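Quick caveat, the model's predicted, so the values are computed rather than measured. Below, each value reflects all heavy atoms present in this structure, side chains not excepted, and no hydrogens, waters or symmetry copies. Position 1 is the first residue of the sequence; numbering continues from there. Remember, it's 1-based here, ligands and their atoms both numbered in the order they're listed.
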Amino acid sequence: MCGIIGYVGPKKVVPVLLDGLKRLEYRGYDSAGVAFLQQGELQIYRSVGKIKELENILWGKTLGGDIGIGHTRWATHGRPSEENAHPHVDCTGDIVLVHNGIIENYVPLKEKLVAEGHRFTSDTDTEVIVHLIEKYLEGDLEEAMRRALSEVSGAYAVAAMWKGDPDRIVGARCSSPLVVGLGEGEFLVASDIPALLAYTRNVLFLEDHEIAVVSREGVMVTTLEGDPVHRAVERIAWSPILVEKGGHKHFMLKEIYEQPRAIRDTMLGRYSLEAGEIYLDGMEAVEEVLPHVQRVVLVACGTSWHAALVAKFLLEEIGRIPVEVDYSSEFRYRDLILGPDTLVLAISQSGETLDTLVALREAKGRDCRVVSIVNVVGSSIARESDGIFYTHAGPEIGVASTKAFTAQLTALYLFALYLGRSRGCLDASRTQELLAALLHLPQLAEETMHSGEAVERLSRLYYQHADFLFLGRGINYPIALEGALKLKEISYIHAEGYPAGEMKHGPIALIDAKMPVVFLAPQDRTYAKILANIQEVKAREGIVIAVGTEGDTELASRVDHCVTIPATSPLLTPILSVIPLQLLAYHIAVRKGCDVDQPRNLAKSVTVE
Ligand code: AGP
């Protein structure tokens with residue numbers, strides 16, 4: 001996710017842009033920039049780091065102008081650097097653009113534009129848009145934008161200016177949000193409402209494939225085909241702080257509900273359903289060794305370690321390769337038997353977890369190739385890896401990892417397909433089947449959010465219990481661990497995740513009428529055994545909360561509470577079954593009055609051993 005803003009009106013534009021970018025910093029903050037017209041000339045300032053760095057560059061300069069655009073970046077293509085920071089310009093330097101989203105077909109577009117003589121100065125996908133506008137500009141920026149976007153596929157929210165048309169900003173959106181602010185004689189475009197509230201509460205939301213032309217006279221909205229759009233103006237009643245959290249009380253809840261987008265964005269541009277192929281940029285340094293790899297070792301911590309446990313099932317079933325999983329913090333103390341035939345997969349949201357970074361270095365010291373699944377572009381783990389798979393979950397502010405986890409599982413599923421294809425054990429038609437199941441997931445995740453109310457009611461019944469058990473089998477056993485970790489880390493209630501089959505080897509002694517037991521019970525190959533385990537718990541007066549498949553009346557009849565998820569491939573069930581557990585932990589923690597976004601004793605990134 002990135003943040004974009006544009007302003008035209010009576011005020012000095014630079015302070016408006018900087019203020020707006022600061023309010024959008026939660027959307028990304030590895031680099032930032034502004035562009036504005038001053039005495040007919042385009043002025044552009046960009047910097048690596050937070051908005052503060054940009055402010056320092058601008059400090060003391062005479063900054064006139066009353067029309068401009070700005071951007072705060074969360075890198076997806078191209079590391080954080082001044083060259084890759086937005087705004088981007090065309091060859092003439094007269095057109096300038098900011099973008100939030102992912103352009104799926106930027107590689108062929110860039111090749112074609114370079115062949116036509118365009119000179120690129122960044123590694124970003126964004127830059128193809130501004131050169132396409134240049135290619136089609138014949139005196140009308142709006143028309144040039146229209147034609148440029150007709151060639152682009154993927155997600156975008158853009159704002160552009162042209163020196164030859166000093167009174168207008170042209171914005172457009174497809175899949176990435178763009179909201180228009182309508183003030184008194186001043187108009188704005190932005191990625192999200194927080195950037196607008198200081199100037200107006202009257203907004204209109206662009207929809208996909210719409211263009212907005214903003215000038216001092218007002219706003220004109222049309223479809224990409226040029227048909228006029230009449231959109232109702234809405235009035236925002238939220239407080240600014242509530243707005244930054246998307247109307248949610250906590251970043252964690254906002255991020256739970258962002259998961260359908262995070263899953264979708266992590267897939268974008270990385271597959272072809274018709275060809276049954278997976279395209280992963282960032283794998284150039286490992287693609288020739290992958291067919292010869294004999295085993296995979298996964299290293300991670302915490303929630304990312306749970307993702308690694310799920311990945312074991314995915315890689316073994318799809319990639320047909322032996323897989324081991326180790327805590328990063330334990331990995332280095334083993335007498336490791338590693339060599340060039342072993343691929344080490346490091347998973348980390350922050351890309352800065354020192355235990356995982358040290359494990360990666362141990363692996364590289366033994367001639368292993370290392371691929372990392374990371375959410376932060378340019379982070380230490382990413383920089384030291386041979387292959388990189390960036391999840392596109394956007395910044396995760398809540399300490400408890402949610403959207404990054406489901407984005408990791410999405411990435412690991414795609415990587416399993418990629419590995420299977422490169423090892424020749426997965427044909428195109430089977431890949432198409434597995435891809436088709438994945439493509440439905442964002443919608444199924446959206447449907448799973450509806451369990452929020454039922455889970456909130458459960459939190460009222462059980463938030464005062466002192467102990468919870470979470471049980472699952474097979475690929476859902478790691479989700480039992482994740483559900484327990486979520487509850488522990490934000491509500492401070494003791495919770496354990498366990499393989500359900502292990503209950504009879506000890507933990508069943510814990511069961512009594514005070515013990516809520518959460519079962520992962522989707523209708524997969526372990527279902528019958530899970531029903532038997534539920535029976536064992538009920539026979540000892542345990543309280544059973546089950547996460548089951550929609551329509552499973554048999555399960556509902558055997559448990560105290562049943563929360564359902566849509567049916568999907570067993571390999572993808574973990575991405576859905578974790579959502580009710582995230583919501584349960586969240587609502588219990590809120591009911592207990594805990595600091596959900598910043599739980600005691602915890603840090604978002606553990607950079608100590
Ligand atoms: C998860 O909710 C926790 N915040 C923690 O376990 C986290 O997953 C772990 O510290 C690993 O962090 P990383 O993914 O950034 O490496």
Side-chain angles (χ1 to χ4, degrees), residues 74 250-256 258-259 262 266 298-311 325-332 344-361 370-385 388-412 470 478-493 495-497 574 578-579 581-586 588-589 594-609:
W74 181 265
H250 298 98
F251 279 113
M252 181 181 174
L253 188 60
K254 174 173 178 277
E255 288 155 5
I256 288 172
E258 279 180 346
Q259 291 183 107
T266 298
L298 290 127
V299 292
C301 300
T303 287
S304 298
W305 181 74
H306 298 151
L309 291 174
V310 173
V325 180
D326 214 338
Y327 285 113
S328 300
S329 54
E330 290 298 311
F331 180 74
R332 64 190 301 191
V344 172
L345 212 46
I347 306 173
S348 176
Q349 186 286 128
S350 63
E352 298 300 342
T353 298
L354 188 53
D355 285 329
T356 303
L357 185 58
V358 168
L360 177 158
R361 289 170 179 161
V370 176
V371 169
S372 59
I373 312 271
V374 175
N375 195 41
V376 181
V377 175
S379 54
S380 304
I381 289 173
R383 285 200 313 274
E384 296 193 26
S385 297
I388 304 168
F389 189 135
Y390 284 119
T391 50
H392 293 154
E396 189 174 65
I397 312 297
V399 165
S401 188
T402 51
K403 64 175 181 174
F405 177 64
T406 46
Q408 286 169 347
L409 296 185
T410 304
L412 287 158
F470 289 75
I479 302 306
L481 298 176
E482 175 59 11
L485 175 62
K486 287 280 107 34
L487 186 64
K488 269 186 282 218
E489 64 177 328
I490 64 173
S491 73
Y492 319 142
I493 292 173
E496 274 188 82
V578 73
I579 294 172
L581 306 189
Q582 294 167 341
L583 289 165
L584 181 65
Y586 171 80
I588 286 178
C594 296
D595 183 348
V596 171
D597 283 332
Q598 293 174 335
R600 69 186 184 198
N601 309 335
L602 292 178
K604 183 59 188 169
S605 174
V606 183
T607 55
V608 293
E609 286 186 289

>> If the condition is salt bridge (Lys or Arg N to Asp or Glu O under 4.0 Å), which residues does E258 pass it with, not counting sequence neighbours?
In response: K254, R261, K403
>> Nearest 0.5 Å, please: how far is CH2 in W305 from CG in L485?
In response: 10.5 Å
>> Strictly distance-based, threshold 3.5 Å: is any side-chain N or O of D597 a donor or acceptor partner for the main-chain N or O of I397?
In response: no
> Would one find more than 12 heavy atoms of other residues, nucleotides or ligands at under 6.0 Å from atom CD of E352?
Replying inline: yes
> What residues form a ring pair (Phe, Tyr, Trp, His ring centres under 6.0 Å) with F405, not counting sequence neighbours?
Replying inline: none
> With sequence neighbours excluded, what pairs up with R361 under the side chain to side chain contact (heavy atoms under 4.5 Å, CB included) test?
Replying inline: L357, E384
Which N or O atoms of ligand 1 sit under 3.5 Å from a protein N or O, and how far apart is each pair?
from     : atom 1 : to   : atom 2 : distance (Å)
ligand 1 : 2 (O)  : T303 : OG1    : 3.3
ligand 1 : 2 (O)  : S401 : N      : 2.8
ligand 1 : 2 (O)  : K486 : NZ     : 2.9
ligand 1 : 2 (O)  : E489 : OE1    : 3.3
ligand 1 : 2 (O)  : E489 : OE2    : 2.5
ligand 1 : 4 (N)  : V399 : O      : 2.8
ligand 1 : 6 (O)  : T303 : N      : 3.4
ligand 1 : 8 (O)  : T303 : N      : 3.0
ligand 1 : 12 (O) : T353 : OG1    : 3.4
ligand 1 : 14 (O) : S304 : OG     : 2.6
ligand 1 : 14 (O) : Q349 : N      : 2.7
ligand 1 : 15 (O) : S348 : OG     : 3.4
ligand 1 : 15 (O) : Q349 : N      : 3.4
ligand 1 : 15 (O) : S350 : N      : 2.8
ligand 1 : 15 (O) : S350 : OG     : 2.7
ligand 1 : 15 (O) : T353 : OG1    : 3.4
ligand 1 : 16 (O) : S348 : OG     : 2.7
ligand 1 : 16 (O) : T353 : OG1    : 2.5

